[in-house]
Amino acid sequence: MGDKFQLIHDVSPGTTGWTVKVVVAEKFSPRVAQRSPTKYQNLTLMDSEGSTVQATLYGQNITAFQDELLLGKTYLISNALVKETNAEYKAKFGEIQWTISGRTRIRRVEENNAIS
């Protein structure tokens, strides 16, 4: 496959026109935020170099993407909202996080991935 994709570390707030090929390494159950009634779901996405990023879905997007972003499957993701991680969560989640919404483009790639 001759396509060129960025790596997770190449994408930062303000980056445009990017596409990253990732594997869903972890998919957590939806939860309700501690300080608001907002429901959210966290995912850990990993690129071909083993770099990871925390991705979050909120509210109705959890249901909209419930049959996508399956554990161990590979996807091409672009147009997620990229923002700096809140200071209190940087140690756990890293410097940036992605928010996946209806504007995010997601395409499944057929590959065999073993996540242990």
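Judged as a ring-ring contact (aromatic ring centres under 6.0 Å, His included), not a single pair has a partner in residues 42-77 (not counting sequence neighbours). Applying the ring-ring contact (aromatic ring centres under 6.0 Å, His included) test to residues at least two apart or on different chains, the pairs with a partner in residues 13-54 are W18-W98.
Checked against salt bridge (Lys or Arg N to Asp or Glu O under 4.0 Å), R108 has the following partners two or more places apart in sequence or in another chain: E110. Shown here are the side-chain hydrogen bond (donor to acceptor under 3.5 Å, both in side chains) partners of S12, two or more places apart in sequence or in another chain: T15. T104 meets the side-chain hydrogen bond (donor to acceptor under 3.5 Å, both in side chains) test with no other residue; sequence neighbours excluded. Remark: S36 pairs with T38 by the side-chain hydrogen bond (donor to acceptor under 3.5 Å, both in side chains) rule, at least two apart or across chains.
Between D47 and K21, the closest side-chain pair of non-hydrogen atoms is not below 4.5 Å. For the pair V20 and L7, the minimum side-chain heavy-atom distance is 4.5 Å or more. Side-chain contact between L69 and I77: present, with at least one pair of heavy atoms (C-beta onward) separated by less than 4.5 Å.
Hydrophobic clustering (ILVMFWY, side-chain heavy atoms < 4.5 Å, transitive): V22 and L81 are in distinct clusters.
The two residues Q97 and V53 come nearest to each other via the heavy atoms CA-CG2, 4.1 Å. Minimum interatomic distance between I62 and Q41 (heavy atoms only, all atoms of both residues): CG2-OE1, 3.5 Å. Of all non-hydrogen atoms in P13 and I96, the two that sit nearest each other are CD-CG2, 3.9 Å.
Remark: side-chain polar atoms of N42 are not paired, donor with acceptor, to backbone N or O of T56 under 3.5 angstrom. Side-chain N or O atoms of N61 include none that pairs as donor or acceptor with a backbone N or O of A64 at under 3.5 Å. Side chain of Q6 to backbone of T19: a donor-acceptor contact under 3.5 angstrom is found.
Within the model, atoms CD1 of I100 and CG of N79 stand 11.5 Å from one another, a figure rounded to the nearest 0.5 Å.
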